[in-house]
Amino acid sequence: MQVPPLKVYNSLSRQKETFEPLNPPFVGIYVCGPTVYNDPHIGNARPAVFFDTLRRYLTYLGYKVRFVRNITDVGHLLGDTNEGEDRISKQARLEQIEPMEIVNHYTQTYHQLIDTLNVIRPSIEPTATGHIIEQIELAQKIISEGYGYVSNGSVYLDVMKYKADYPYGELSGRIVEELQEGTRELDGQEEKKHPADFALWKKASPEHLMRWNSPWGEGFPGWHLECTIMSTKYLGETFDIHGGGMDLMFPHHECEIAQAKASNGGKSPVKYWLHNNMITVDGQKMSKSSGNFVTIGELFSGKHDRLTQPFSPMTVRYFILGAHYRSTLDFSNDGLLGAQKAYKRLMNAKNILGKLAYPASAGELNAKADEEIQGFCTNMVIAMHDDVNTARVIAQLQNIARKINTFYQQPETLAQISADTFALMRDMFLNFTENILGLKEEKNTNVEPFVVGLLELYAEAKAKKEYETVDKIRSYFKSNNLIIKDLKNGVDWAYDEN
RNA sequence: GGUCGCGUGGCCGAGUGGCUAGGCAGAGCUCUGCAAAAGCUCGUACAGCAGUUCGAAUCUGCUCGCGACCUCCA
């Protein structure tokens with residue numbers, strides 16, 4: 001199978017580049033994880049699902065992937081107030097509990113929801129609070145390199161100084177001079193040398209709950225420091241892939257680059273920057289701050305005004321992967337309904353595939369059919385190699401599903417393709433569906449209705465004295481460790497105590 | 001205001017100089033006790049205008065509409 005090399009769109013160069021790991025066969029991936037202060041919404045699920053799929057594919061290709069995704073459990077100022085209050089401590093005060101309780105609660109929620117989406121847990125999942133010392137050290141390093149300064153107990157990165165030596169704005173295309181308009185009234189603006197300067201360490205106000213000792217007094221780490229330290233600590237000074245949402249490009253990722261370069265002599269921390277696009281609602285970006293979000297939990301329960309029914313985790317995963325990661329994806333009940341049917345069609349085909357057996361002797365080969373199926377398989381790889389185009393992969397899987405259905409209903413057509421093609425089709429279909437796209441079968445685990453239905457048939461058969469059927473049904477129960485109880489007033493079942 | 005992106009058939013959503021995207025919904029047919037599933041066939045879509053070209057949805061220019069970032073956000 002001749003296919004082009006894997007290419008990914010690098011936000012830094014604004015073009016597709018051939019993926020070549022720094023230290024093959026090892027690949028390091030860092031993805032910005034959640035800030036654990038409330039329930040994640042479907043927009044948060046997108047990077048989780050997409051970068052999971054990328055990780056799965058790289059693993060499939062034979063790379064040894066170390067996947068790091070952080071938990072932000074401190075920092076990040078609130079956007080809707082100007083109090084400069086820590087987001088997590090604000091939520092904690094509202095609920096009258098400890099900040100760490102908030103962190104633990106929402107971390108667990110995140111894990112549980114992401115698990116059901118069949119997202120593999122990271123190799124390393126570091127927390128910001130677990131790396132306070134490293135963050136202080138990094139701030140000190142940046143000061144000693146001459147790119148940071150202390151002001152009123154806080155530490156800032158001197159953007160103008162940095163900009164004189166390195167290209168600030170290389171990732172986002174931002175020009176410092178144009179940033180000055182519309183700058184929000186942030187706490188501590190007057191402490192800065194320049195409005196574009198950003199905090200590496202913030203002095204804690206007296207009422208601030210989350211605080212640590214530092215050379216500059218009690219405070220907490222700045223907004224971007226944690227990702228710089230946790231990515232390079234576990235993946236190296238320069239690593240392969242850094243992922244996250246497009247909305248993090250500026251300022252977050254731009255600042256990460258600046259912090260890294262300011263502390264390491266100007267080495268670029270990341271080879272490939274990958275950014276997923278946003279999920280929209282009626283054309284508008286879904287976000288916590290605008291309030292137009294649907295949480296993952298609401299999606300699973302169906303309890304939301306925009307939803308007519310619950311949607312299963314795999315439906316949601318299919319929905320996300322049905323669009324290319326760099327396109328916006330419009331959230332809608334109709335879109336989800338379509339994804340649900342399409343996903344089930346794929347799973348039905350998968351089950352049928354398990355029942356297909358290639359005939360002992362091949363028939364007359366239909367070269368056209370043979371080539372068509374091989375083409376579907378090749379196209380899946382081509383699509384993945386063209387900037388991880390999962391939407392195109394899914395189209396090919398649906399094409400293969402149609403062939404599988406035909407083979408099932410017209411077995412004679414199966415002998416018209418070669419045994420090799422059949423094996424290729426089976427392996428590729430299963431690998432891409434389950435291992436790469438991570439679409440697993442959602443089996444119906446509620447057996448109660450089947451038991452009740454079978455009991456009804458049992459009672460009917462017994463009334464008609466059809467004892468052969470009666471015995472048959474009883475044996476079904478027996479083989480599943482259940483017994484049927486004939487009572488005076490009907491039938492019932494119980495666990496077999498033997 | 002600055003930077004960037006988008007506008008594809010009823011809906012979602014790929015593609016991007018000539019070669020089938022795919023799914024959902026809809027119509028017809030096959031199969032069929034009923035129903036479903038499945039298979040086959042069908043719509044001749046690319047915001048508008050002008051240009052480049054043998055040929056453009058795909059390139060260029062303009063117009064209109066929408067959005068993202070510039071502030072916490074995936």
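Lettering of chains follows the sequences in order, A, B, ..., and the numbering in each one begins at 1.
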Could you go step by step and tell me if A:Ser151 and A:Glu191 meet the side-chain hydrogen bond (donor to acceptor under 3.5 Å, both in side chains) rule? CA-CA 6 Å; A:Ser151 176; A:Glu191 306 173 351; 4.6 Å; no
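- By the 4.0 Å N-to-carboxylate-O rule, A:Glu434 lies too far from A:Lys440 to be salt-bridged with it.
- The residue A:Ala323 sits close only to the backbone: its heavy atoms come under 4.0 Å of sugar-phosphate atoms, none of a base.
- Residue A:Ala391 has its side chain nearest to B:rG13 when only B:rU20, B:rC72, B:rG13 are considered.
- For A:Arg345, the side-chain atoms get nearest to B:rC24 when compared with the rest of B:rC24, B:rG22, B:rA14.
- Ring geometry for A:His253 against A:Trp273 counts as tilted: the plane angle lies between 30° and 60°, on a 0 to 90° scale.
- In this structure, A:Ser290 reaches neither bases nor backbone, as no heavy-atom distance under 4.0 Å exists between it and the strands shown.
- In this pair, A:Tyr272 and A:Phe19 present their aromatic rings tilted. The plane angle is within the 30 to 60° band.
- Checking B:rG39, B:rA74, B:rU71 against the side-chain heavy atoms of A:Pro251 singles out B:rU71 as nearest.
- Here ring pair (Phe, Tyr, Trp, His ring centres under 6.0 Å) pairs that include residues 110-130 of chain A, with residues two or more places apart or in two chains, number zero.
- B:rC42 and B:rU20: their P atoms are spaced 13 Å apart (whole Å).
- Judged by distance alone, the side chains of A:Asn292 and A:Ser290 do bring a donor and an acceptor atom under 3.5 Å apart.
- Minimum atom distance to the side chain of A:Ser287 is reached by B:rC73, of the listed B:rG39, B:rC73, B:rC70.
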Represent RNA chain B in dot-bracket notation, 5' to 3'. Only Watson-Crick or G-U wobble pairs with both distances under 3.5 Å count; pseudoknot-style crossings use [ ] and interstrand partners use |. (((((((..(((.....[...))).(((((.......)))))....(((((..]....))))))))))))....
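- Here, B:rU53 and B:rG65 have their C1' atoms 29 Å apart, quoted to the whole Å.
- No more than 12 heavy atoms of other residues, nucleotides or ligands lie within 6.0 Å of OH in A:Tyr408, so this atom counts as exposed by the packing criterion.
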Set out, in order, the CA-CA distance, both residues' side-chain angles and the distance that settles side-chain hydrogen bond (donor to acceptor under 3.5 Å, both in side chains) for A:Thr72 and A:Glu226, then state yes or no. CA-CA 8 Å; A:Thr72 297; A:Glu226 57 170 294; 3.1 Å; yes
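- A:Met249 comes within contact range of no nucleotide atom at all, as no heavy-atom separation falls under 4.0 Å.
- For the P atom pair drawn from B:rA57 and B:rG18, the interatomic distance equals 11 Å after rounding to whole Å.
- Ring geometry, A:His131 versus A:Tyr234: the interplanar angle exceeds 60°, so the pair is classed perpendicular (tilted spans 30 to 60°).
- You'll find that the side chain of A:Asn389 is closest to B:rA14, out of B:rA74, B:rA38, B:rA14.
- Counting any heavy atom pair closer than 4.0 Å across all strands shown, A:Ala342 reaches sugar-phosphate atoms only and no base atom.
- In this structure, A:Thr406 reaches the sugar-phosphate backbone alone: every heavy-atom distance under 4.0 Å involves primed, P, OP1 or OP2 atoms, never a base.
- For A:Leu248, the side-chain atoms get nearest to B:rC73 when compared with the rest of B:rC73, B:rA38, B:rC69.
- Side chain of A:Lys288, nearest nucleotide from B:rA74, B:rG13, B:rG23: B:rA74.
- Distances were taken from every side-chain heavy atom of A:Lys341 (C-beta onward) to each of B:rA21, B:rC24, B:rC69; the shortest belongs to B:rC24.
- Look at CG on A:Asn351: it is 13 Å from C1' on B:rA37, rounded to the nearest Å.
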Which protein N or O atoms sit under 3.5 Å from an N or O of nucleotides 3-12 of chain B?
none

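- A:His275 comes within 4.0 angstrom of no nucleic acid atom, judged by non-hydrogen atoms across all strands.
- For the P atoms, the distance from B:rC59 to B:rU8 is 15 Å, rounded to whole Å.
- If you take atom C1' in B:rA56 and the same atom in B:rC49, they sit 15 Å apart, rounded to whole Å.
- Heavy atoms of A:Gln340 sit nowhere under 4.0 angstrom from any nucleic acid atom.
- There is a side-chain donor-acceptor pair under 3.5 Å between A:Asp387 and A:Tyr325.
- Within 4.0 Å (heavy atoms only), A:Gly283 reaches sugar-phosphate atoms of the nucleic acid but no base atom.
- The P atoms of B:rG10 and B:rA47 are separated by 13 Å, rounded to the nearest whole Å.
- With rounding to whole Å, A:Gln410 atom CD is found 15 Å from B:rU30 atom P.
- Nucleotide B:rC70 holds its P atom 13 Å from the NE2 atom of A:His253, rounded to whole Å.
- A:Glu256 CD to A:His224 NE2: the interatomic distance, rounded to the nearest 0.5 Å, is 9.0 Å.
- Between B:rC70, B:rU16, B:rG39, one nucleotide has an atom nearer to the side chain of A:Asp386 than all others, and that is B:rU16.
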